[in-house]
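These notes are about the structure you will find just below.
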Protein chains: 2
Amino acid sequence: MWRRAAIYGGLLAAGTLALEWLDYERLARALPGEIYVCLIAAGFLGLGVLVGARVFGGRAAPVFDGNPTAQAELKISRREMTVLKEVAAGRSNKEIALVLKVSPNTVKTHIARLFAKLGAKGRVDAINRARELGIVP
Amino acid sequence: MWRRAAIYGGLLAAGTLALEWLDYERLARALPGEIYVCLIAAGFLGLGVLVGARVFGGRAAPVFDGNPTAQAELKISRREMTVLKEVAAGRSNKEIALVLKVSPNTVKTHIARLFAKLGAKGRVDAINRARELGIVP
DNA sequence: AGGGCAATCGCCCAAAAGGGTGATTTCAGC
DNA sequence: GCTGAAATCACCCTTTTGGGCGATTGCCCT
């Protein structure tokens, strides 16, 4: 969405520059000076947004709390989500078991289900896929 | 660094706007129209970069190839960096060994050194710490 | 020429992770 | 009251990881 806005800004900038290039004189006669300045400025503002978006991050989703859509799509349960977050935090099965106050076997079961649902072959892989799907920051 | 540039851009924009606000008439008399347009445009360009940087990502380092500063600080060698990237891609030691055409033992050695340098107690932990330090995307 | 470092590999062993299967409980929804 | 899904736990077994040695090679630098 923001990427789209940036592209529109860039197009606006390009359009403005093209107009200037093609018929500067007539444009200058037709438009009051201030409006012309504002046009150019707006174009550069859009271009700047484009540059900023290109240079920085570029990741689509910002703040994040899990993507309910993809999460529901894969039928990842609440418990599996909490376990997934623990895994992403770099904790071991034993640590997760302690934190969640369940048996290590339970943690292993949850993780196994997560792997199946995410199509992952390891915890790092699972985290990467979850991040691609936008269900983990 | 890029953040600094964005801030400079924003300051330029603010300065330009302030000048316009304070003494538009004298500025218009003193400067040829095109230069004035360029000044405003450059200001807005910087402002746009600032907005883009603020809206998107916000992470400090952008396109990326490893953060040389933190990397040098921890004395992470070239080979260790490539191994780290493979680990972050979710590959197993055996797979990494195949890709890099070295023995699995060598991969293990590199990873062990990485753990020591990063102060990590597992691959996921190592990736998280490396990402915090900005030496991995 | 010698020291230091990166890169490579080997071996041993313990711990962790992962795969497969089965079982129980709890609880919401029909 | 029955059903199904979620959550819990257990056991067995294989593979992977990780820790802790040591050793060699090649390269850069002084």
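Predicted model, so just to flag it, every value in this text is computed and none were measured. Values below: all heavy atoms of this structure, side chains included; hydrogens, waters and symmetry mates excluded. Sequence lines set the chain letters: A, B, ... in the order given, protein chains first and strands last, and positions in each chain run from 1.
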ask   = Is B:Thr106 near enough to C:dC9 that one of its side-chain N or O atoms lies under 4.0 angstrom from OP1 or OP2?
value = yes
message = In whole Å, I'd like the distance from the CG atom of A:Leu118 to the P atom of C:dG18.
response = 13 Å
request  = Tell me whether the OP1 or OP2 atom of C:dA16 has a side-chain N or O from A:Lys94 closer than 4.0 Å.
outcome  = yes
query = CZ of A:Arg113 versus P of D:dA5: gap in Å, rounded?
reply = 11 Å
query = How long is the line joining CG of A:Leu84 and C1' of C:dA17, in whole Å?
reply = 16 Å
query = Any N or O donor-acceptor pair linking the side chain of A:Thr109 to the base of D:dC9 at under 3.5 Å?
reply = yes
Rounded interatomic separation in angstrom, taking CG from B:Asn105 and P from C:dA6 = 20 Å
ask   = What's the closest nucleotide to the A:Phe115 side chain, out of C:dG18, C:dA7, D:dG18?
value = C:dG18
ask   = From the list C:dA7, D:dC9, C:dA17, which nucleotide is the closest neighbour of the side chain of A:Val102?
value = D:dC9
task = Measure from the side-chain heavy atoms of B:Arg78 and tell me the nearest of C:dA7, D:dA10, D:dT8.
result = C:dA7
inquiry  = Does B:Ser92 reach a base, just sugar-phosphate, or nothing at all? Heavy atoms under 4.0 Å.
reply    = sugar-phosphate
request  = Measure from NZ on B:Lys117 to C1' on C:dA6 and round the result to the nearest Å.
outcome  = 9 Å
task = Would you mind reading off the distance between B:Ile111 atom CD1 and C:dA7 atom P, rounded to a whole angstrom?
result = 14 Å
query = Picking from D:dT16, D:dA7, D:dT17, which would you name as closest to the side chain of A:His110?
reply = D:dA7
query = Which part of the nucleic acid, if any, lies within reach of B:Ser103 when heavy atoms closer than 4.0 Å are counted: base, sugar-phosphate only, or nothing?
reply = sugar-phosphate
ask   = Less than 4.5 Å apart, any side-chain heavy atom of B:Ile135 and any of B:Leu84?
value = yes
message = Nearest whole Å is fine: how far is D:dT17 P from B:Asp125 CG?
response = 16 Å
Distance, rounded to the nearest Å, where A:Ile96 contributes CD1 and C:dG18 contributes C1' = 14 Å
task = Nearest-nucleotide wise, let me know which of A:Lys108 and B:Glu80 is further upstream toward the 5' end of DNA chain C.
result = B:Glu80
ask   = Among B:Arg91, B:Arg79, B:Arg123, B:Lys94, which one satisfies salt bridge (Lys or Arg N to Asp or Glu O under 4.0 Å) with B:Glu86?
value = B:Arg91
ask   = Which of these passes side-chain hydrogen bond (donor to acceptor under 3.5 Å, both in side chains) with A:Glu80: A:Lys75, A:Lys117, A:His110?
value = A:Lys117
key: Nearest-0.5 Å distance that lies between atom OG1 in B:Thr82 and atom CG in B:Leu100   = 5.0 Å
ask   = So do A:Leu133 and A:Leu118 actually touch side chain to side chain, heavy atoms under 4.5 Å?
value = yes
Closest to the A:Asn93 side chain, choosing from C:dA6, C:dA17, D:dT16 = C:dA17
